Amino acid sequence: MNDPCTVVIGAEDFLPALKQRASSMNGSGELLAFSDAEPLRALETITKRKPALVALERLFAVTPRGVALINRIKADPTLRQSEIRVLEHNSDYSRVIPRPSAAPEPSLDQRGTRRAPRVRIADTVTVLVDAKLAALVDLSTVGAQVIVSEGLKPNQRADIAFNDAVARLKCEATVVWTSFEESDAGPRFRAGLDFVEPDAAALNAYAQRHKA
C-alpha cells in the first residue's frame, strides 16, 4: 500500500511554490521536498516510502537527471500506484506522466487531459520542424510526438510541415514537453507538440496514410 505522502523535486528557489501547489493536489499525508541537485536522495525516499504523488518541476523534469528519475520510477513495479506529475512553479501547468501501455493511448495536452486518439506512425516517416528534419512518432488531430537531433524548449513555437506525395500541409505548434535520450546514433530529443488551429481533417488523412 502506498504512503499518502508527496515527494516534490525542483530547484531550491522553486520549492516553496511547488510545495504549495503539490499540497493542493494531495492534501493528506506528509510533504517531502528535495532540490534538483539531490535526485538520488529523492529516489531513495521514493523507493522506500512509495508516495502517492511525485511532483517534479518542469525545468528539472526535462533534464537528463529528471528523465532518468521518471524512467526509474516508471520501471519499478512496486511504484505502480505512485502518480508522477510535472508542475510549473509559477503557473497552473500540470501534466501527468502516463505509465507504459501495450495499447495506444490518446494524446495528452499540457494539462494531462486526453483530447484525441493518436495514431502510431511508420518508422520511416519524417516531417520538418522549423525546416529541420524530424522523425514523426505519432500523430493526432491536436498534436504529435517527434524526435529531433537538436533540443526544443517547452512553450517554444515551431512551424511543422507534413509533406508527402498526396498533400503539403503546414501548421504551427507549441512544444508542450521535451526529454533527452541516448540512441545508437547518438543523443537526441523527444518532444510533444500541441497544434495551433490545426486542420483536423487534413491531419487525420495524413495519419491514416502513414500509420504503422
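All values reported here derive from a predicted model rather than from experimental measurement.
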Are [Y] and [X] connected into the same hydrophobic cluster when the rule is that any two of I, L, V, M, F, W, Y join if their side-chain heavy atoms are below 4.5 Å apart?
X	Y	answer
Val67	Leu59	no
Ile70	Val62	no
Ile97	Val7	yes

Working to the nearest 0.5 angstrom, can you tell me the gap between [X] [atom1] and [Y] [atom2]?
X	Y	atom1	atom2	result
Thr78	Lys50	OG1	NZ	4.0 Å
Lys170	Asp199	NZ	CG	14.5 Å
Ser140	Arg118	OG	CZ	9.0 Å
Glu83	Ile73	CD	CD1	12.0 Å

Give me the atom names and distance for the closest heavy-atom approach of [X] to [Y].
X	Y	result
Leu56	Val54	CD1-CG1, 3.7 Å
Thr6	Ala22	CG2-CB, 4.0 Å
Ile147	Arg190	CD1-NH2, 3.5 Å
Phe195	Ala173	CD2-CB, 3.8 Å
Val96	Arg85	CG2-NH2, 3.5 Å
Leu18	Gly10	CD1-CA, 4.0 Å

[X] side chain near [Y] side chain, heavy-atom distance below 4.5 Å:
X	Y	value
Leu139	His210	no
Asn163	Leu169	no
Glu172	Arg157	yes
Phe189	Leu152	no
Ile46	Pro51	yes
Gln208	Val119	yes
Trp177	Gln145	yes
Glu88	Glu57	yes

When you measure from the side chain of [X] to the backbone N and O of [Y], does any donor-acceptor pair fall under 3.5 Å?
X	Y	value
Thr178	Ala191	no
Thr45	Arg41	yes
Arg65	Phe60	no
Ser24	Arg21	yes

- [ ] Apply the test side-chain hydrogen bond (donor to acceptor under 3.5 Å, both in side chains) to residues Arg188 and Ser149: give CA-CA distance (whole Å), side-chain angles for both, the deciding distance (0.1 Å), then the verdict.
- [x] CA-CA 5 Å; Arg188 65 184 189 182; Ser149 58; over 6 Å; no

Task: side-chain contact (heavy atoms from CB on, under 4.5 Å) involving Ala205 - partner list, sequence neighbours excluded - done: Arg209

Task: Test side-chain contact (heavy atoms from CB on, under 4.5 Å) applied to Ile121 and Leu136, Val146, Val137, the passing residue - done: Leu136

Open item on the list: My understanding is that only residues two or more places apart in sequence, or in another chain, count here; which of them pass ring pair (Phe, Tyr, Trp, His ring centres under 6.0 Å) with Phe14?
Closed with: His89

- [ ] Tell me, with the steps shown, if Arg72 and Leu43 meet side-chain contact (heavy atoms from CB on, under 4.5 Å).
- [x] CA-CA 8 Å; Arg72 174 66 179 79; Leu43 179 60; 3.6 Å; yes

- [ ] Count the heavy atoms of every other residue, nucleotide or ligand shown that sit under 6.0 Å from CD of Gln20, and state whether that count exceeds 12.
- [x] no

Identify every side-chain donor-acceptor pair in residues 123-131 under 3.5 Å, counting partners at least two apart or on other chains, and give the distances.
unit_1 : atom_1 : unit_2 : atom_2 : d
Asp130 : OD1    : Asp159 : N      : 2.9

